[in-house]
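Take a look at the structure below.
Reminder, nothing fancy here: chain letters follow the sequence lines and each chain counts from 1.
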Amino acid sequence: MSTMVATNKKGLGATLWDYLTTVDHKKIAIMYLIAGGFFFIIGGLEALAIRWQLVQPMNDFVSSGFYNELITMHGTTMIFLAAMPLIFAFMNAVVPLQIGARDVAFPFLNSLGFWLFLFGGIMLNVGWFTGGAADAGWTAYAPLSTTSIGEGVDYYVLGLQISGAGTLIGGINFLVTIVNMRAPGMTYMRMPLFTWTAFVASALILFAFPALTVGLFLMMFDRLFGAGFFDPAMGGNSVIWQHLFWIFGHPEVYILALPGFGIFSEIISTFSKKRLFGYTAMVFATVLIGFLGFMVWAHHMFTVGMGPAANSIFAVATMAIAVPTGIKIFNWLFTLWGGSIQINTPMLWALGFIPTFTLGGMTGVMVAAASADFQYHDTYFVVAHFHYVIVGGVVFALFAGTHYWWPKMFGTVLDDKLGKLTFWLFFIGFHLTFFIQHFLGLMGMPRRYWVYMENQGLDLGNMISTIGAFLMGLGTIVLLINIIKTSVKNEKVSGDPWDARTLEWAIPSPPPFYNFKQLPLVRGLDPLWVEKTEGRKGMTPAEPLTDIHMPNNSFLPFVMSLGLFIAGFGFIYQKHDLSWLIVLFIGMGITLGCMLVRSVKDDLGYHVHKEDLKKEAEE
Amino acid sequence: MKDWMGKIRTLSLFSFLVIILSACGKDNLTALVPKGYGAEQSFNVIIISILVMIVVFVVVMAIYLYVILKFRQRKGQEDHIPKQTEGNKTLEMVWTVIPILLLIIIAVPTIVSTYDLADESEKENSINVNVTGLQFWWNFEYANEEIQTSQELYIPVDERIYLNMMSSDVIHSFWVPSISGKMDVSPENENTMYIEAFEEGVYWGKCTEFCGDSHSLMDFKIVVVSQEEYDQWVNGMENTDPEYTAEAATAQEGQELFENSCISCHAIDASANNPVVGPNLADFGNRTKVGGVRDFSKEEIVSWIVDPAEIKPGNGMLDAPYLEENSIGQEEAEKIADFLMELKATDEPVDSVQQFKDEANDN
């Protein structure tokens with residue numbers, strides 16, 4: 001506790017400096033949570049503007065050009081700048097604690113990953129202020145994207161490239177952390193399911209993001225340096241972009257959804273007071289989904305004209321994913337079966353997730369049927385489907401995780417009444433918004449339509465959809481009020497407010513900066529539960545009290561990311577005026593200079609001495 | 001008892017909603033009332049998959065509701081620790097194998113119809129139309145008849161028509177939900193699909209690949225007519241005359257203006273030799289819509305000519321010199337409209353078009 005008190009006493013400047021330089025996974029988690037939450041609100045406002053434009057036929061709330069920017073930035077923001085970082089927030093906050101580690105394997109890289117994401121995210125949004133954000137859809141299909149006028153798509157390319165590097169770094173970091181830093185006794189088959197899903201998602205990041213990187217590089221050369229990779233007139237091929245994008249894009253769905261499944265597994269198990277039913281099958285299903293996730297990308301392209309053989313193969317491969325996903329659903333249901341189900345806010349989100357995601361999975365199988373997809377493709381049916389999957393599977397999980405791990409991250413419990421109000425507003429709003437869109441799509445409403453015509457039977461459905469969207473907005477506002485209220489009240493709770501099962505609950509909330517004074521000895525799945533059933537209060541230490549080795553803070557990650565951010569402007573504006581190359585060189589110089597400093601300067605960290613630890617315990 | 005009443009009420013509300021919605025689809029637009037071969041094939045697979053999925057959903061929801069109602073923590077049982085079950089091999093086998101069987105039920109018809117819809121064996125002996133997608137309109141060139149038209153594709157009923165599609169700018173996608181599923185129109189590879197309509201009528205077509213500012217306004221129509229009418233129409237198109245002279249006095253003035261400002265992009269005869277720059281206007285007088293989206297009337301034609309950006313933002317006509325020179329005002333546009341409305345391949349519109357226009361006027 002003493003460290004927390006000490007931080008609270010620090011001035012604003014010192015706190016700011018602390019966060020700018022921190023390499024502590026828990027503080028980085030908080031930064032991911034704040035930044036991801038901020039972009040979630042931005043993306044949500046964009047969504048509301050989209051829905052308001054569609055509230056009635058032939059509406060003129062926004063112009064078509066601005067509408068196209070809104071849909072592009074809504075998709076890009078929600079996927080890359082909200083969902084991804086929020087998933088990373090929980091991976092950072094929880095995974096090291098769940099495996100009994102004192103930090104991630106590469107704390108410096110962890111910080112670098114965050115700052116790259118943040119500067120990339122800002123870069124993406126700079127377009128709004130310089131004559132128009134990206135307007136070629138979040139999928140940025142060539143040649144629409146390569147021929148889009150202005151710098152919007154350039155900001156998209158550079159912004160995603162920078163934040164993508166951050167994500168890749170983060171993914172590698174978690175792979176190494178989970179492989180190397182598990183506490184004594186924490187075998188792979190004793191890892192909590194959230195850690196397992198984080199592990200598989202990190203592996204997916206490692207293999208999927210390079211495809212995006214390559215695609216973005218090619219697009220950057222097409223747009224900024226006169227290349228023609230995607231230009232048929234120069235012998236290029238625009239469909240290649242679609243392949244590269246979806247080889248990344250489909251695994252991306254699982255990168256988001258799997259950790260979501262992990263969050264629900266933790267919550268369902270905790271609040272039905274039962275170990276996860278079919279743990280081994282759950283792990284196996286997770287790995288299988290991750291593997292199959294790479295085999296199905298072309299189901300996004302059934303109408304491209306790949307021919308019946310490719311379409312059939314990808315259709316069947318996609319349907320196969322329904323099997324491990326179904327296994328998961330049934331395992332959750334049978335975890336609940338015979339349990340003692342306590343319904344509080346996190347559990348409510350988990351219980352709302354099951355039917356919602358089942359619907360998303362059902363329509364998933366339906367769109368996988370290639371010959372039926374000729375009708376669904378690029379209509380509101382698909383819009384409905386992927387919102388059921390990504391909101392139902394990922395955003396619900398993020399809301400659930402926020403309420404579940406808030407005490408661990410901040411030491412206070414979010415108000416349960418307000419939490420339930422958030423849930424019901426958001427849940428009802430969500431189904432109002434999206435259920436009807438299945439029908440709108442089949443009734444002939446293509447996606448990305450700025451207006452729809454009168455007398456086409458689409459008015460009522462769109463109106464209902466818009467009403468639902470505003471309910472979701474209301475739910476989010478209630479969450480913000482809840483956060484403010486809880487923070488002002490600041491009622492501290494114990495380390496284990498939920499009577500939970502996994503290691504993160506064995507230490508105080510929020511944990512001390514070194515997490516575990518002595519690394520715990522893990523004696524089974526749900527290690528804390530194992531100890532509790534044997535009548536112990538906490539974990540048995542696996543080592544004597546010794547000095548703890550900790551990494552030093554560093555300002556370099558921030559500066560390195562800032563350098564790339566500056567260089568981005570050089571890359572973009574040199575297409576108009578070569579003197580901007582100076583900016584490019586300055587930016588790259590800053591980044592490479594920082595890398596040099598980091599390479600030649602020894603940074604061995606410091607030790608927390610056991611005498612100090614003892615003294616702290618006595619206080 | 002009370003509980004069940006509530007449930008039945010929600011259930012009937014739900015089915016009521018579904019009925020309302022499925023009834024709501026606009027005739028000749030909705031994919032839920034197929035009127036062509038492709039749409040019917042897709043619809044069959046949609047129905048099979050939705051039935052299987054409803055079975056799955058019912059099973060999941062039954063277990064779900066049972067579990068929530070039965071195993072909810074009761075007051076005074078907060079300290080109760082339930083039995084910690086690890087799993088159950090038999091159950092796990094069941095929910096692995098049954099889904100696989102259900103998926104096979106969906107996969108087989110999917111593959112059969114996917115191959116069926118890609119069948120090109122009759123291509124040589126069928127009507128072939130070369131479709132070009134452009135921002136934000138469609139050109140249709142009849143390969144054997146050597147005629148071309150734009151925005152409204154005439155086809156005979158119950159006949160297989162092969163469409164050979166390419167884009168001359170960005171990717172578009174050709175979708176007429178009531179008749180057939182969609183196919184992308186890309187700038188580098190020619191995609192071929194066939195359509196076959198079962199009923200005469202005018203069908204709504206939409207562009208479904210995001211293509212820029214007026215993506216949502218890139219409408220087109222498929223006009224399905226009897227074989228007899230089709231032959232008449234083709235004959236009429238073949239006889240459209242590039243040297244046509246307007247009849248009415250205002251139309252003659254309009255023709256002069258047209259020849260000064262418009263003819264470099266818009267042909268008034270249907271010959272396939274005319275380059276594809278702007279929409280071909282050979283049969284303009286029989287169009288169902290102006291610009292694909294506005295009701296066909298003189299006022300709409302005039303407002304299009306005076307300010308095309310107002311109706312379709314970012315369309316190709318915005319580069320026309322007359323807009324920059326401001327050489328065509330309201331009065332001139334009216335004369336041009338008079339001329340354009342005279343351009344017809346057949347004196348009377350085909351039955352489908354006449355009916356469509358009558359319905360539009362009723363609304």
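- Ranked by heavy-atom pairs under 4.5 Å with chain A, the list B:Val97, B:Thr96, B:Asn44 is led by B:Thr96.
- Proximity to chain B (any heavy atom under 4.5 Å) is shown, for A:Ile327, by both the backbone and the side chain.
- Only the backbone of A:Ala136 comes within less than 4.5 Å of a heavy atom of chain B; no side-chain atom from C-beta onward does.
- Proximity to chain B is limited to the side chain of A:Thr147, based on heavy atoms less than 4.5 angstrom apart.
- In the model, A:Ser371 has no side-chain atom that pairs as donor or acceptor with a side-chain atom of B:Gln41 under 3.5 Å.
- A:Ala309 touches chain B through backbone and side chain together, each having a heavy atom under 4.5 Å away.
- For A:Asp526, no part lies under 4.5 angstrom from a heavy atom of chain B.
- With a 4.5 angstrom heavy-atom cutoff, B:Thr192 does not touch chain A via any of its atoms.
- Contact of A:Leu525 with chain B is not made at all, since no heavy-atom distance falls under 4.5 Å.
- Considering only heavy-atom pairs separated by less than 4.5 Å from chain A, the leading option among B:Ala118, B:Cys207, B:Ser186 is B:Cys207.
- Contacts of A:Tyr376 with chain B are made by both backbone and side-chain atoms, with heavy-atom separations under 4.5 Å.
- In this structure, no portion of B:Phe43 lies under 4.5 Å from any heavy atom of chain A.
- Contacts of B:Val176 with chain A are absent, with no heavy-atom separation under 4.5 Å from either backbone or side chain.
- B:Lys83 touches chain A through its backbone: at least one of N, CA, C or O sits under 4.5 Å from a heavy atom, while the side chain does not.
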